[in-house]
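Down below is the structure, laid out as structure tokens.
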Amino acid sequence: MGGVMKEETQAIRIAPWMHIIRTDGGLRLDELLPTSGSVYVARVNGQDMPDEASAFHQFWESLKFPEYFGWNWNAFYDCLRDLQWLSSDYHILIVEAAESALSEDDVAREEFFRSLWRAGQRWSYTKRPEGVTLSKFSVVLSCDKESALTLARRLSEFQKSSDA
């Protein structure tokens, strides 16, 4: 992948599956949507996820995690890389106020973003006719301007470690 962040006017593309948008701008939705196939869009809010339990609950509801979900980080990652129960060709996860996610627990926060990164990396991605790489699982992190670059640097560390 090369570890390069692509910063656009209001958006930062970390990888084909990971995008950061600022609350004062946006990413063109057609850049994330496939040319064909079904799409499931889930939306969670970082302000509603101050700790692990609330984060797991938000994802359990929005992504309709199965009853056997284990309510731990390994189970969280396993569900993110599966998602068969949604019967969609593509999945888009929008995390609003991403800078607030798991604000009460730095260790859990790191595990949260690492799980999102690993799940996105795990999903296959394909080339669109116009040459843009599109993932079958995309994560859009929305946050304020000050947090966007900090979060982008943090996520690029995951990319560097996976490229090594």
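Nothing fancy with the numbering, it's 1 onward along the sequence.
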Distance, nearest 0.5 Å, that separates [atom1] of [X] from [atom2] of [Y]:
{"X": "I20", "Y": "C143", "atom1": "CD1", "atom2": "SG", "value": "5.5 Å"}
{"X": "H19", "Y": "I94", "atom1": "NE2", "atom2": "CD1", "value": "11.0 Å"}
{"X": "Q47", "Y": "M49", "atom1": "CD", "atom2": "CE", "value": "10.0 Å"}
{"X": "S156", "Y": "L151", "atom1": "OG", "atom2": "CG", "value": "10.0 Å"}
{"X": "S38", "Y": "H91", "atom1": "OG", "atom2": "NE2", "value": "7.5 Å"}
{"X": "E110", "Y": "R114", "atom1": "CD", "atom2": "CZ", "value": "5.0 Å"}

Considering all heavy atoms, the nearest [X]-[Y] contact:
{"X": "V39", "Y": "S88", "answer": "C-OG, 4.3 Å"}
{"X": "A101", "Y": "F112", "answer": "CB-CE2, 3.9 Å"}
{"X": "L155", "Y": "F113", "answer": "CD2-CB, 4.1 Å"}
{"X": "A98", "Y": "L141", "answer": "CB-CB, 3.9 Å"}
{"X": "W73", "Y": "S115", "answer": "CE3-OG, 4.1 Å"}
{"X": "A42", "Y": "S62", "answer": "CB-O, 3.8 Å"}

Shared hydrophobic cluster, L83 / Y77 (ILVMFWY, side-chain heavy atoms < 4.5 Å):
no

Linking I/L/V/M/F/W/Y whenever their side-chain heavy atoms sit closer than 4.5 Å, directly or via other members, would V95 and W60 fall into one cluster?
yes

[Y] and [X], any side-chain heavy atoms less than 4.5 Å apart:
{"X": "L63", "Y": "V44", "answer": "no"}
{"X": "R122", "Y": "F137", "answer": "no"}
{"X": "Q121", "Y": "M18", "answer": "no"}

Any chance the rings of F69 and F56 have centres within less than 6.0 Å?
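Yes, close enough.
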
Aromatic rings F65 and F76: how do their planes relate, parallel, tilted or perpendicular, breaks at 30° and 60°?
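Taking F76 first and then F65, their aromatic rings stand perpendicular (interplane angle over 60°).
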
Qualifying salt bridge (Lys or Arg N to Asp or Glu O under 4.0 Å) pairs, either residue in residues 50-79, two or more places apart
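The answer is D78-R81.
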
side-chain hydrogen bond (donor to acceptor under 3.5 Å, both in side chains) contacts touching residues 96-108 (sequence neighbours left out)
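As it turns out, the side-chain hydrogen bond (donor to acceptor under 3.5 Å, both in side chains) pairs with a partner in residues 96-108, which skip direct neighbours, are R43-E96.
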
